[in-house]
Asks: 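First, the structure itself, so that you have it in front of you.
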Amino acid sequence: MFSLCEAVVQINEAKMTLLLSHAPLSTTEYMRLMKVVEGQLLKALARHYLGEDGQWMLHIESLVQAHIVQDELRAHRFSKRLTTRQASEWLSHSLEQLEMAAGGAVTNPLYSFLVEYFGPIRETVRDLQLAEGKG
């Protein structure tokens, strides 16, 4: 129970940092804080129910990072926060993490689902790159 409470505290601290920062945050710092906001509770629940063993955390981190990039694309905040190149690099990094964690019989269906989830996001990033003349 303590780990869930700690996750909520970390989420609230990250949200306050995002809301009250006077200077623009670097994209790396923004992504770090958003990973806490979007994924900390999920990670705490996974640790509680699935334990520390296994590749669950890599799957969760990859999915959270992809979700953040997708959310930024949908909200049109992309030009302010992330470039299409950074989005492409983060999605590639997330897929690499998934590939390193893949292979177990238990996680194989999850891996397939996550790779399918990444498809439309990668297409959106590729379309943005083409629109910018960088494809």
Side-chain angles (χ1 to χ4, degrees):
M1 185 67 150
F2 175 76
S3 61
L4 296 177
C5 293
E6 183 65 27
V8 170
V9 169
Q10 292 172 353
I11 290 167
N12 287 335
E13 288 175 353
K15 284 181 177 180
M16 291 305 293
T17 301
L18 285 166
L19 290 172
L20 299 177
S21 64
H22 297 292
L25 298 170
S26 69
T27 53
T28 304
E29 181 65 6
Y30 178 76
M31 180 61 84
R32 184 189 71 75
L33 291 168
M34 287 303 297
K35 282 181 182 179
V36 171
V37 170
E38 296 290 343
Q40 200 65 25
L41 192 57
L42 185 57
K43 287 166 51 175
L45 287 169
R47 272 194 295 279
H48 180 75
Y49 289 109
L50 302 172
E52 296 285 336
D53 299 339
Q55 300 295 325
W56 298 106
M57 288 304 142
L58 284 176
H59 289 307
I60 290 169
E61 288 175 15
S62 298
L63 187 59
V64 167
Q65 186 164 298
H67 172 75
I68 293 167
V69 170
Q70 182 182 38
D71 190 46
E72 290 292 317
L73 285 169
R74 285 185 178 159
H76 304 291
R77 292 185 299 245
F78 213 72
S79 59
K80 294 181 191 174
R81 301 286 187 197
L82 310 171
T83 64
T84 52
R85 185 173 141 254
Q86 288 169 321
S88 179
E89 288 172 0
W90 272 323
L91 289 174
S92 295
H93 178 260
S94 295
L95 276 171
E96 287 171 12
Q97 281 185 312
L98 285 177
E99 289 168 359
M100 288 187 323
V106 174
T107 60
N108 233 354
L110 179 61
Y111 173 75
S112 298
F113 168 77
L114 292 175
V115 169
E116 286 178 26
Y117 179 82
F118 278 75
I121 303 169
R122 292 183 84 181
E123 288 177 22
T124 302
V125 171
R126 187 174 34 245
D127 291 346
L128 283 172
Q129 288 174 326
L130 289 172
E132 292 175 356
K134 297 177 182 174

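Note that these values count all heavy atoms, side chains included, but never hydrogens, waters or copies made by symmetry.
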Asks: Mind listing the closest non-hydrogen atom pair of Gln10 and Val36 along with its distance?
Replies: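 In this case the closest contact between Gln10 and Val36 is O-CG1, 3.5 Å.
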Asks: Once you round to the nearest 0.5 Å, how far does CD1 of Ile11 lie from CG of Leu41?
Replies: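 Here the rounded value is 5.0 Å.
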Asks: The criterion is salt bridge (Lys or Arg N to Asp or Glu O under 4.0 Å); which residues satisfy it with Lys43, sequence neighbours excluded?
Replies: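 Applying salt bridge (Lys or Arg N to Asp or Glu O under 4.0 Å) to Lys43 gives Glu61.
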Asks: Holding to side chain to side chain contact (heavy atoms under 4.5 Å, CB included), I want the full list of residues that pass it with Glu13, two or more places apart in sequence or in another chain.
Replies: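 Expected list: Val9.
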Asks: Mind checking what makes salt bridge (Lys or Arg N to Asp or Glu O under 4.0 Å) contact with Glu29, not counting sequence neighbours?
Replies: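 Testing Glu29 for salt bridge (Lys or Arg N to Asp or Glu O under 4.0 Å), a comparison that skips the adjacent residues, returns Arg32.
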Asks: Under a 4.5 Å side-chain heavy-atom rule over Ile, Leu, Val, Met, Phe, Trp and Tyr, are Phe2 and Leu45 clustered together?
Replies: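 No, separate clusters.
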Asks: Rounded to the nearest 0.5 Å, how far apart are NZ of Lys15 and OG1 of Thr17?
Replies: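 So the gap between those two atoms works out to 12.5 Å.
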Asks: Can you name the side chain to side chain contact (heavy atoms under 4.5 Å, CB included) partners of Ala66, sequence neighbours left out?
Replies: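 Partners of Ala66 under the side chain to side chain contact (heavy atoms under 4.5 Å, CB included) test: Leu91, Tyr117, Phe118, Ile121.
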Asks: Of the non-hydrogen atoms in Val64 and Glu38, which two are nearest, and what is the gap between them?
Replies: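 Heavy atoms of Val64 and Glu38 come nearest at CG1-CB, 4.0 Å.
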Asks: May I ask whether Tyr49 and Leu4 are part of the same hydrophobic cluster, defined by side-chain heavy atoms of I, L, V, M, F, W, Y residues being less than 4.5 angstrom apart, directly or through others?
Replies: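 Same cluster: Tyr49 reaches Leu4 through Ile, Leu, Val, Met, Phe, Trp or Tyr contacts under 4.5 Å.
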Asks: Identify whether Ile68 and Leu42 are in the same connected component of the hydrophobic contact network (ILVMFWY, side-chain heavy atoms under 4.5 Å).
Replies: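 Hydrophobic grouping puts Ile68 with Leu42.
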Asks: Quick check: closest heavy atoms across Ser3 and Ala44, and the distance to 0.1 Å?
Replies: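 Where Ser3 meets Ala44 most closely, the heavy atoms are O-CB, 3.9 Å.
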Asks: Please name the pair of heavy atoms, one in Ala46 and one in Met57, separated by the smallest distance, quoted to 0.1 Å.
Replies: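 It is CB-CE, 3.7 Å.
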Asks: Measure the CD-CD1 distance between Gln40 and Ile60 for me, rounded to the nearest 0.5 Å.
Replies: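 Going from CD on Gln40 over to CD1 on Ile60, the span is 10.5 Å.
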Asks: To the nearest 0.5 Å, what is the distance between CE (Met34) and NE2 (His67)?
Replies: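 Rounded to the nearest 0.5 Å, the CE-NE2 separation comes out at 7.5 Å.
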